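All of these numbers come straight from a predicted model, not from anything done at the bench.
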Amino acid sequence: MRTSVITLHGEAAEVALGEAQAVLAMVQDDERRGRLADLIAAVGDGEIADEDAEALTELLELGLQTGRLRAVYGPGGEQAALRLFRKLPRGKELDASAREVSDALSSLVGKPLESARIQSTGPGAFLVSLSVDGLELSVRLDRQGARLTSVGL
C-alpha cells in the first residue's frame, strides 16, 4: 500500500536518475544494488513512493551536502534536487521543524536582545541560546533539523 506518491519530471527526474545510475555503477552490495535498481525503475515510471522515496532521500541528501549535485548538474540541477528533496518525507520533516522554530523566534521580534550564545554540541550540531526581554530560548541545529529545546523565564 502506497502512503504517498511523488511525481517526477523534468530536471528533478534527470538528476534523480543520473545519481541513482552513478551510485549503482559503484555499489557492490546486492541489497543496495536492488534498492537502486528499483529506484531507477520508479524514476523511469515518473513516480516515487515508500522504499524508493527512502533511497532517493539518501542520494539527494548526500549529493546536496557534499556539493556533488551542484558540481555535476549545475545550479539548476541542484535547485531541482532541493525542490524534490523538500517533497520527500525527510524534507517535509526538516521544513516543519524550521517553521516551528521560526514561529517561536517570531515572538521575540521587537524585544530587546539581552544575550546571544552559540555552542558546538558535536560534529555539525549547535545550540543557539537567546535571552530576550527576560525570556530564554534555546534552539538546536543539526542534521535532524532545527528544534526548539527550551523556553524559560
Side-chain angles (χ1 to χ4, degrees), residues 1-8 11-24 26-27 29 31-36 38-40 42-43 47-109 111 113-133 135-153:
M1 183 173 148
R2 291 183 170 192
T3 54
S4 66
V5 175
I6 297 164
T7 303
L8 286 176
E11 197 165 13
E14 291 173 27
V15 171
L17 182 60
E19 283 304 286
Q21 290 172 333
V23 173
L24 179 62
M26 294 183 283
V27 170
D29 178 68
E31 181 180 333
R32 182 86 170 132
R33 289 182 64 79
R35 285 183 70 203
L36 289 167
D38 290 346
L39 174 59
I40 290 168
V43 171
E47 292 186 341
I48 299 293
D50 303 329
E51 292 85 21
D52 297 326
E54 289 178 35
L56 182 56
T57 297
E58 292 170 10
L59 288 177
L60 294 179
E61 274 185 315
L62 183 61
L64 289 164
Q65 288 172 351
T66 63
R68 174 183 159 75
L69 295 182
R70 184 177 190 89
V72 173
Y73 305 99
E78 178 186 47
Q79 289 304 307
L82 187 54
R83 284 189 300 275
L84 175 56
F85 177 77
R86 288 181 178 141
K87 292 179 184 178
L88 296 165
R90 176 82 178 117
K92 287 180 180 180
E93 288 172 17
L94 290 173
D95 279 348
S97 72
R99 269 192 312 279
E100 181 181 309
V101 170
S102 291
D103 290 346
L105 291 173
S106 69
S107 69
L108 305 178
V109 171
K111 296 180 180 171
L113 178 65
E114 295 166 2
S115 69
R117 182 177 47 147
I118 188 165
Q119 296 172 275
S120 174
T121 59
F126 300 92
L127 185 68
V128 177
S129 299
L130 303 171
S131 179
V132 176
D133 199 30
L135 294 173
E136 290 281 333
L137 184 97
S138 295
V139 177
R140 182 174 173 87
L141 304 170
D142 59 23
R143 287 191 57 183
Q144 282 67 50
R147 293 178 311 286
L148 197 59
T149 58
S150 68
V151 177
L153 298 174

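Summarising the geometry of A42 relative to I48, their closest heavy-atom pair is CB-CD1, 3.8 Å, with the distance given to 0.1 Å. Pairing each heavy atom of A49 with each of S4, the nearest pair is CB-O, 3.4 Å. Here the closest heavy-atom approach between residue K92 and residue R86 is recorded as CG-O, 3.4 Å. Pairing each heavy atom of A104 with each of L137, the nearest pair is CB-CD1, 4.4 Å. Considering every non-hydrogen atom in both G145 and S97, the closest pair reads CA-OG, 3.8 Å. For L17 against V43, the heavy-atom pair with the smallest separation is CB-CG1, 3.9 Å.
The CG atom of L88 lies 13.5 Å from the CZ atom of R83; values are rounded to the nearest 0.5 Å. Between the CD atom in E100 and the CG atom in D95 there is a gap of 13.0 Å [rounded to 0.5 Å]. In this structure, CD on E78 lies 11.5 Å from CG on L60, to the nearest 0.5 angstrom. We find the OG-CZ distance between S106 and R99 to be 13.5 Å, quoted to the nearest 0.5 Å. In this structure, L148 CG and L105 CG are separated by 7.5 Å, a value rounded to the nearest 0.5 Å. Remark: I118 CD1 to S129 OG distance equals 9.0 Å, nearest 0.5 Å.
Looking at heavy atoms from C-beta onward, L36 lies in side-chain contact with L59 at the 4.5 angstrom threshold. The shortest side-chain heavy-atom distance between V72 and V15 does not fall under the 4.5 Å cut-off. Side-chain contact between V128 and L141: present, with at least one pair of heavy atoms (C-beta onward) separated by less than 4.5 Å. The closest side-chain heavy-atom distance from D142 to F126 is not below 4.5 Å. L56 has its side chain out of reach of I6: every pair of non-hydrogen atoms, C-beta onward, lies at least 4.5 Å apart. L39 is not listed as a side-chain neighbour of L24, based on a closest heavy-atom distance of 4.5 Å or more.
With E114 contributing its side chain and D133 its backbone, the two residues share a donor-acceptor pair below 3.5 Å. With E11 contributing its side chain and G77 its backbone, the two residues share a donor-acceptor pair below 3.5 Å. In this structure a side-chain-to-backbone donor-acceptor pair under 3.5 Å is present from R33 to V27.
For the 3.5 Å distance criterion, the side chains of Y73 and E19 qualify, holding a donor opposite an acceptor.
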Start with the C-alpha distance between L62 and R68, add both sets of side-chain angles, then the distance that settles side-chain contact (heavy atoms from CB on, under 4.5 Å), and finish with yes or no. CA-CA 8 Å; L62 183 61; R68 174 183 159 75; over 6 Å; no
Start with the C-alpha distance between D38 and E51, add both sets of side-chain angles, then the distance that settles side-chain contact (heavy atoms from CB on, under 4.5 Å), and finish with yes or no. CA-CA 9 Å; D38 290 346; E51 292 85 21; over 6 Å; no
